[in-house]
Asks: 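A single structure is presented below for examination.
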There are 2 protein chains.
Amino acid sequence: MASSGKKKATIYDLSVLSGSSPSTVSAVLNGTWQKRRIKESTAELIRSLAETHQYTANRQARGLRSSRSGLIGLLLPIHDNRYFSSMAQTFEAHVRSKGQCPIVVSASRDPDEERKTAETLISYSIDELFICGATDPDGVHEVCEAAGLKHINIDLPGSKVPSVISDNYEGGRMLTEAIIRRFEADRPLLPDELYLFGGRNDHASRERIRGFRAVKNELLGADPDECIQPTGYAPNNARLAFEAFYEKHGRLPRGLFVNSSINFEGLLRFMAGHPHENFADLVVGCYDYDPFASFLPFPVIMIRQDVEGMITKAFEVIEEARPQPRIHLIQPELVQPRTALTGPLDALKDIE
Amino acid sequence: MASSGKKKATIYDLSVLSGSSPSTVSAVLNGTWQKRRIKESTAELIRSLAETHQYTANRQARGLRSSRSGLIGLLLPIHDNRYFSSMAQTFEAHVRSKGQCPIVVSASRDPDEERKTAETLISYSIDELFICGATDPDGVHEVCEAAGLKHINIDLPGSKVPSVISDNYEGGRMLTEAIIRRFEADRPLLPDELYLFGGRNDHASRERIRGFRAVKNELLGADPDECIQPTGYAPNNARLAFEAFYEKHGRLPRGLFVNSSINFEGLLRFMAGHPHENFADLVVGCYDYDPFASFLPFPVIMIRQDVEGMITKAFEVIEEARPQPRIHLIQPELVQPRTALTGPLDALKDIE
DNA sequence: AGTTCTTGCACCATCGATTGTGCAAACAAG
DNA sequence: CTTGTTTGCACAATCGATGGTGCAAGAACT
């Protein structure tokens with residue numbers, strides 16, 4: 001389809017047309033012409049030829065020669081989630097503003113996939129790699145290291161290069177406290193009425209759980225082990241955990257700390273099978289923000305991670321000369337129920 | 001950071017190590033060695049050397065020579081939205097299964113951005129481009145055409161190459177009818193109690209509106225013009241429209257057809273400023289599916305577009321020899337309130 | 001032994017852009 | 001008018017992989 005097109009113009013074509021050498025054309029079009037003392041008039045001629053012939057440089061050729069591609073990679077666990085897709089959206093804006101081209105790829109939380117995907121990106125000579133939410137950041141690190149590729153971790157930390165992550169401990173604390181306070185007015189929550197569901201044995205989950213337990217101890221005076229249910233990230237596993245609890249107790253816990261919006265989807269799947277009224281007394285805290293979730297028929301307190309802040313910080317840190325493998329914490333934000341926040345989309349104009 | 005790495009091995013390195021010529025190494029490693037009658041033992045040697053030295057081909061070099069990159073592009077309006085991010089997720093899976101590398105980029109619904117972004121992708125010699133939800137598909141077409149790049153439209157149709165889109169007319173009909181039927185039990189809806197908000201003058205909106213009006217006429221016997229409020233896609237514009245209506249009438253219409261989940265966010269923003277109780281009698285139909293929206297405190301009927309179906313069809317059509325610029329309609333699905341559907345994520349394993 | 005195949009590989013141009021180097025022409029200085 | 005400088009550009013190597021072509025050594029055949 002659409003293969004009628006004449007081949008794209010190259011510097012050689014413009015060289016012939018302008019009567020200059022290819023190197024002159026190249027210099028003019030990539031901005032180094034002053035350094036090469038090309039006459040303004042020559043440059044002007046070449047520029048206008050480039051314009052009329054719709055010349056654009058072949059990036060593969062340029063990249064091959066200069067061993068830089070202009071591509072900056074973002075490795076995500078998944079696309080299909082508001083948190084990660086807003087990560088992609090924000091990342092893209094930053095990369096574009098630097099005049100480079102974003103390449104966003106997901107690796108399904110699979111350590112093997114992650115490494116292979118990094119390999120693939122490297123084979124395209126990407127210039128930098130942002131590793132977001134990787135299950136095995138240090139594994140990806142090795143691949144990058146071997147290729148001499150600048151990289152940085154986001155969302156989940158690694159030990160070899162800097163990491164920019166949410167302050168999950170503080171976030172966990174804030175969210176837990178907000179759930180508990182939500183009850184105080186009437187009948188206060190008991191320690192075994194507040195459960196945490198979702199997440200697995202990763203840094204983020206551990207920190208959130210640590211915050212959760214700390215606050216439970218401080219405010220409720222106890223923190224039973226069985227209230228922690230790390231069911232992984234799959235919605236269906238979370239659903240099964242809720243079903244199991246419901247089966248056993250005839251109801252859900254009154255207070256629920258859900259580790260991510262993906263796990264929250266598991267809760268929805270559970271709820272789909274039960275009447276609304278069963279959840280009258282429920283308060284949910286979710287470690288993620290989704291505008292629709294915020295308006296559900298029970299109070300949903302959410303944490304919005306500062307995606308813009310993380311990305312900005314990550315770009316700062318990755319430019320540093322000798323970045324230390326330390327962890328940079330970014331504060332998340334507590335979002336009260338029924339709150340519709342603006343997001344990266346609001347920066348876009350709506351062309352009607 | 002991480003720049004200690006020795007440079008990546010090339011076929012020249014392996015050539016020296018193996019005592020064979022670079023072309024032999026190349027042939028062995030890209031699979032054409034049988035055709036070149038390379039001895040099995042030579043191939044074996046080279047393969048093992050490649051293994052131990054972690055050789056991976058430089059794709060820029062390969063792409064430059066063969067004028068194919070192995071990259072397949074997807075041009076989206078935005079990332080930060082369940083519909084488009086599941087598009088990205090699904091697209092990625094398809095591309096990966098073909099052994100190629102997906103490159104997903106967004107262009108903010110801006111015709112100019114769209115063309116420039118396509119240009120950029122072309123400069124990386126991508127092999128195919130999927131144009132999804134473009135404001136000006138034919139503009140992008142011209143850019144692709146000039147570069148001899150295979151491309152196809154998704155979600156919003158163009159006139160120059162094939163398009164794979166939702167059957168928005170049918171979807172609009174289904175959704176409208178579902179909203180109306182939702183009321184019949186008690187007090188039936190009047191024609192001026194069912195409004196459509198959101199969307200702009202694009203093919204999808206027009207078709208949905210056409211379906212909306214047709215069903216209103218059929219079932220309610222009338223279809224006043226003022227019930228159509230195409231406020232564009234920005235959440236805040238939708239919010240303002242709701243505010244304006246509320247200001248004027250002291251309430252919202254009982255039945256609401258919201259053109260997309262993004263517009264729905266505008267409704268949420270409006271609702272954030274008003275007590276829950278104001279919306280007791282409300283039924284919302286939303287042309288998009290979001291699991292959280294499906295469980296809101298008022299009935300939300302949703303349309304789920306068949307993303308998997310569209311992507312699959314698009315891959316079929318783009319491979320055709322001489323694809324005609326026709327429109328392929330994919331049927332969407334009506335989703336009743338309080339329904340938590342599975343999505344592309346459920347295909348992933350959860351490594352605990 | 002001489003001729004013809006076949007096997008197994010090496011050589012080299014090529015893709016398009018970048019960049020270090022060289023060198024004529026124009027100009028200035030003495 | 002000779003010698004040095006500056007201006008303005010051309011030349012050619014290079015990045016890494018691909019693929020057409022050529023050719024020596026051994027096998028097969030007469």
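The model shown is predicted, which means the values in this text are computed figures rather than measured ones. To find a chain, count down the sequence lines: A is the first, B the second, and so on, and within it residues start at 1. Only heavy atoms go into these numbers, but all of them, side chains included; no hydrogens, no water, no symmetry mates.
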Asks: Would you please classify the geometry between the His79(B) ring and the His79(A) ring as parallel, tilted or perpendicular, with 30° and 60° separating the classes?
Replies: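 Parallel, since the angle between the ring planes stays under 30°.
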
Asks: Please check: side-chain N/O of Ser15(A) versus main-chain N/O of Ser20(A), any donor-acceptor pairing under 3.5 Å?
Replies: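 Answer holds: yes.
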
Asks: Mind calculating the distance between CZ (Arg65(A)) and C1' (dC15(D)) to the nearest angstrom?
Replies: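 It works out to 6 Å between those atoms.
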
Asks: Give the minimum heavy-atom separation between Ile122(A) and Cys144(A), together with the two atoms involved.
Replies: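 Looking at all heavy atoms of both residues, the shortest contact is CD1-CA, 4.0 Å.
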
Asks: State, to the nearest 10°, the angle formed by the axis through the first five base pairs of the helix from dA1(C)-dT30(D) to dG30(C)-dC1(D) and the axis through its last five.
Replies: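 Result, rounded to 10 degrees: 60°.
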
Asks: Is the shortest side-chain heavy-atom distance between Asp202(A) and Thr135(A) below 4.5 Å?
Replies: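 Heavy-atom side-chain distance check fails, nothing below 4.5 Å.
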
Asks: Apply salt bridge (charged side-chain N to carboxylate O under 4.0 Å, His left out) to Arg115(A) and list each qualifying residue two or more places apart in sequence or on a separate chain.
Replies: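 In terms of salt bridge (charged side-chain N to carboxylate O under 4.0 Å, His left out), with neighbours along the sequence ignored, Arg115(A) is linked to Asp112(A).
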
Asks: Determine whether Glu308(A) and His94(A) make a side-chain contact, defined as any pair of heavy atoms from C-beta on separated by less than 4.5 Å.
Replies: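 In contact.
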
Asks: Applying salt bridge (charged side-chain N to carboxylate O under 4.0 Å, His left out), can you list everything that pairs with Arg96(B), at least two apart in sequence or on another chain?
Replies: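 Once residues adjacent in sequence are excluded, the partners of Arg96(B) under the salt bridge (charged side-chain N to carboxylate O under 4.0 Å, His left out) criterion are Glu113(A), Glu92(B).
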
Asks: Taking salt bridge (charged side-chain N to carboxylate O under 4.0 Å, His left out) as the definition, give me every residue that meets it alongside Asp80(B), ordered by chain and number, with sequence neighbours left out.
Replies: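 Partners of Asp80(B) by the salt bridge (charged side-chain N to carboxylate O under 4.0 Å, His left out) criterion, ordered by chain and then number, come out as Arg82(A).
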
Asks: With sequence neighbours excluded, give me every ring-ring contact (aromatic ring centres under 6.0 Å, His included) pair touching residues 44-64 of chain A.
Replies: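 Sorted result for residues 44-64 of chain A: empty, none.
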
Asks: Kindly give the atom pairs (protein nitrogen or oxygen, nucleotide nitrogen or oxygen) under 3.5 Å for nucleotides 27-29 of chain D.
Replies:
none

Asks: Heavy atom of residues 30-53 of chain B under 4.0 Å from DNA chain D: which residues?
Replies: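 Asn30(B), Arg36(B) - these, ordered by number, are the residues of the stretch whose heavy atoms sit under 4.0 Å from the strand.
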
Asks: Just grab all the ring-ring contact (aromatic ring centres under 6.0 Å, His included) pairs involving residues 110-135 of chain B, residues at least two apart or on different chains.
Replies: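 Sorted pair list: Phe91(B)-Phe130(B), Phe130(B)-Phe315(B).
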
Asks: Return the residues of residues 10-25 of chain A meeting this criterion: a heavy atom under 4.0 Å from some atom of DNA chain C. Order them by number, or give none.
Replies: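 Output list: Thr10(A), Ile11(A), Tyr12(A), Ser23(A).
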
Asks: Nearest whole angstrom, please: distance from the C1' of dT18(D) to the CD of Gln60(B).
Replies: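 Distance, rounded to whole Å: 16 Å.
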
Asks: Donor-acceptor pairs under 3.5 angstrom involving side-chain atoms of residues 33-44 of chain B: please list them, not counting sequence neighbours.
Replies:
from, atom 1, to, atom 2, distance (Å)
Glu44(B), OE1, Arg47(B), NH1, 2.6

Asks: Donor-acceptor pair, Thr10(A) side chain versus Tyr12(A) backbone, under 3.5 Å?
Replies: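 Indeed, once roles are kept as given, a pair shorter than 3.5 Å links the two residues.
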
Asks: Return the set of residues passing salt bridge (charged side-chain N to carboxylate O under 4.0 Å, His left out) with Glu319(B) (not counting sequence neighbours), or none when no residue passes.
Replies: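 Listed in chain order: Lys98(B), Lys150(B).
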
Asks: Arg59(B) has an atom CZ; how far is it from atom C1' of dT18(D), in whole Å?
Replies: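 Interatomic distance, CZ of Arg59(B) to C1' of dT18(D): 15 Å.
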
Asks: Just by modelled atom types, is the Gly158(A) backbone N or O under 3.5 Å from a matching donor or acceptor in the Ser163(A) side chain?
Replies: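 At least one qualifying donor-acceptor pair exists.
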
Asks: Under 4.0 Å, counting only non-hydrogen atoms across every strand here, what does Ser66(A) touch: a base, just sugar-phosphate, or nothing?
Replies: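 Result for Ser66(A) = nothing.
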
Asks: Looking at Gln54(B), I'd like to know if its CD atom is crowded, meaning that more than 12 non-hydrogen atoms belonging to other residues, nucleotides or ligands lie closer than 6.0 Å.
Replies: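 No - once you tally the heavy atoms of other residues, nucleotides and ligands closer than 6.0 Å, there are 12 at most.
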
Asks: Taking 5' to 3' order, which nucleotide of DNA chain C is first and which is last to have an atom within less than 4.0 Å of a heavy atom in chain B?
Replies: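 First-to-last contact on DNA chain C, by the 4.0 Å heavy-atom rule, is dT7(C) to dG16(C).
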
